[in-house]
Novice: 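The structure under discussion is supplied below as structure tokens; questions concerning it will follow.
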2 protein chains.
Amino acid sequence: MSRTAGTDAAGTEVRTQADTHVRTDAPAPDPRRGRPRNAAADTAIIEAVLRMIEDGVSIGELSMERIAREAGVGKATVYRRWPGKSELLLDVMRSLDTDIPPPAGESVRDDLVDIIEFLRIRGLAKRNSALLRTIVTHVKAQPALWREYHETVVQARREVLLSVLRRGMACGEIRADRDIDLLADLFVGPVLSRALLHEWADLPEGLAEEIVDTVLYGVRPRA
Amino acid sequence: MSRTAGTDAAGTEVRTQADTHVRTDAPAPDPRRGRPRNAAADTAIIEAVLRMIEDGVSIGELSMERIAREAGVGKATVYRRWPGKSELLLDVMRSLDTDIPPPAGESVRDDLVDIIEFLRIRGLAKRNSALLRTIVTHVKAQPALWREYHETVVQARREVLLSVLRRGMACGEIRADRDIDLLADLFVGPVLSRALLHEWADLPEGLAEEIVDTVLYGVRPRA
DNA sequence: CCATTTCGATACGGGGCCGTTCCGTATCGG
DNA sequence: CCGATACGGAACGGCCCCGTATCGAAATGG
């Protein structure tokens, strides 16, 4: 969890988490007065959403009202933190994100395997499997949100992959006569299409290595 | 359109289309009495859904009520044909399906290109692009529906691809030491991940060839 | 102690949708 | 012409939701 709630160090900051939401105006008349927000409420709400989705509740069936109920929280407490369902879901999605570890940097092939393996694990992890799919599926239906998520999270990861590929091109391990974005998709696509499309299909243990090696060496018979 | 409405040849059949829906009981007291259904209504309804989705209406915002309104049709007319929104959407989805042309059967490589090119075009065609994505996105959220669609449509197409791959394995054009499902994903994944995930990214003209050839020959530099 | 803010709860008016039922009319088979 | 069925339209009761407001209680800083 790269994004926890208000019990931060460096006390001087804001109220709690949901301050992706600018608050441009607001005279901000000395925060840190009155009763402080309950960090437990934040997590209770997010946790409630996660739980419900895991239990197969479709996103369409999620209402702010129901979420509050399920979280054992007043409706106002939810609206105090997020302006609407979409923003809440975006944070729920973010709460699932682990930072991708930087590539080891020795073998390009091994780095690729690590990256794909990271993807595979993400698509599998108990929580993430059903969860990510459901939420992503929904957020994707809202172009603005999806775009934000894509630029925030997806692009960052892709950049890691691209840098490895560039390194490979530079040192001759990767052919340089192809569009680098295409190459990236060749590695990533197979995992994504399995995880997002086939769903029930599982992502077996050796998948990452198999993909990387097959893509590297080609589908034609070995020489 | 592989699935048109009641103006079928061979007059002896059923009422109109929406008879994916069994109707086990029902004394069925001599159909073909009374005023026949209006085929125009069927298409008007489906067309209305397509139009709305193209205009960016999210699935969650689609209600039977609104669909009927938009189609210029009584709500009852809709319910007479489909028991609910999901079933309607399933038929809408089916209305978008074109049968994949059988592979030419000369070069395995060319057949692969044809199949991937078919996918690319599907993901592009004015109608399909936004449309398929939106509907698939929604239907996928309903496991039962998605499963049905997957088994009905997706599997059939995949089978075409698999048969080409098997042929390639038999005649030595495709390496036989890999899981055939993996190989299939290597070709299909890149297109799908672009079309379904990146959305805005377009699928340029030569994409199919580029993918097939790169996957065939591998990502390592040429010998 | 007081102003401030949050808490859970409850209530509000307004709205949309569900799925059904009923109109009056139209169109078929017999 | 009659019975049956379809049509578009309108209305139904019931449900859930939205977003806001208000409540009394709790928790904080000044």
Side-chain angles (χ1 to χ4, degrees), chain A residues 5-7 11-12 14-19 21 23 26-45 48-49 52 57-89, chain B residues 5-7 11-12 14-19 21 23 26-45 47-49 52 57-89 138:
Chain A
T7 328
T12 153
V14 292
R15 305 216 58 79
T16 58
Q17 59 168 124
D19 282 312
H21 318 301
R23 185 184 302 287
D30 184 10
R32 192 163 318 284
R33 301 253 315 173
R35 175 174 176 174
R37 289 215 180 148
N38 184 0
D42 291 65
T43 69
I45 293 170
V49 175
M52 295 169 77
V57 179
S58 114
I59 297 275
E61 294 160 351
L62 279 185
S63 60
M64 293 299 260
E65 207 138 348
R66 187 167 169 189
I67 291 171
R69 231 179 299 141
E70 189 80 9
V73 136
K75 227 200 314 183
T77 304
V78 181
Y79 277 106
R80 225 172 269 125
R81 289 165 165 73
W82 293 276
K85 184 165 74 171
S86 301
E87 291 83 356
L88 168 55
L89 285 181
Chain B
T7 327
T12 153
V14 292
R15 306 215 58 80
T16 57
Q17 60 168 128
D19 281 311
H21 321 298
R23 184 184 304 286
D30 184 9
R32 194 162 317 282
R33 299 255 310 173
R35 175 175 174 175
R37 289 212 180 150
N38 184 0
D42 291 66
T43 69
I45 293 170
E47 211 62 23
V49 175
M52 295 169 77
V57 179
S58 116
I59 297 275
E61 295 160 352
L62 279 185
S63 60
M64 295 297 261
E65 206 137 350
R66 188 168 169 187
I67 292 170
R69 230 179 300 141
E70 190 80 8
V73 137
K75 228 199 317 184
T77 304
V78 181
Y79 278 106
R80 225 172 269 126
R81 289 164 165 75
W82 294 276
K85 184 166 72 171
S86 301
E87 291 82 357
L88 168 55
L89 285 180
H138 176 254

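Heavy-atom basis, side chains included; hydrogens, waters and symmetry copies ignored. Remember, predicted model here, so these are calculated numbers, not experimental data. Lettering follows sequence order; numbering is per chain, from 1.
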Novice: Using a distance-only criterion (donor-acceptor N/O pair, under 3.5 Å, no hydrogens), is the base of C:dT4 paired with the side chain of A:Arg33?
Specialist: no
Novice: For A:Arg80 and D:dG19, give me the distance from atom CZ to atom C1', rounded to whole Å.
Specialist: 13 Å
Novice: Looking at C:dG30, D:dA6, C:dA3, which one has an atom nearest to any side-chain atom of B:Arg81?
Specialist: D:dA6
Novice: Between P on D:dC17 and CD1 on A:Ile59, what's the gap in Å once rounded to a whole number?
Specialist: 14 Å
Novice: Between the side chain of B:Arg37 and the main-chain N/O of B:Arg80, is any donor-acceptor distance below 3.5 Å?
Specialist: yes
Novice: Could you give the CZ-to-C1' distance, from A:Arg37 to C:dG8, as a whole number of Å?
Specialist: 15 Å
Novice: Whole angstrom is fine here: how far is it from CD1 in A:Ile67 over to C1' in C:dG8?
Specialist: 17 Å
Novice: What pairs of donor and acceptor atoms, side-chain ones from residues 63-71 of chain A against any protein atom, are under 3.5 angstrom apart with sequence neighbours left out?
Specialist:
unit_1, atom_1, unit_2, atom_2, d
A:Ser63, OG, A:Arg66, N, 3.1
A:Arg66, NH1, A:Glu61, O, 3.4

Novice: Distance criterion of 3.5 Å, no angle test: do you see the side chain of B:Arg35 paired donor-to-acceptor with the base of C:dA26?
Specialist: yes
Novice: Can you tell me how far the CG atom of A:Asn38 sits from the OG1 atom of A:Thr43, to the nearest 0.5 Å?
Specialist: 8.0 Å
Novice: Nucleotides 16-20 of chain C: which of its N/O atoms have a protein N/O under 3.5 Å away?
Specialist:
unit_1, atom_1, unit_2, atom_2, d
C:dC17, OP1, B:Ser63, OG, 3.0
C:dC17, OP2, B:Arg69, NH2, 3.2
C:dC17, O5', B:Ser63, OG, 3.3
C:dC18, OP1, B:Met64, N, 3.4
C:dC18, OP2, B:Met64, N, 3.1
C:dC18, OP2, B:Glu65, N, 3.2
C:dG19, OP2, B:Tyr79, OH, 2.7
C:dG19, N7, B:Lys75, NZ, 3.0
C:dG19, O6, B:Lys75, NZ, 2.5

Novice: Hey, does A:Trp82 have a side-chain heavy atom less than 4.5 Å from the side chain of A:Ile45?
Specialist: yes
Novice: Of all heavy-atom pairs between B:Leu62 and B:Lys85, which one has the smallest distance, and what is that distance?
Specialist: O-NZ, 2.8 Å
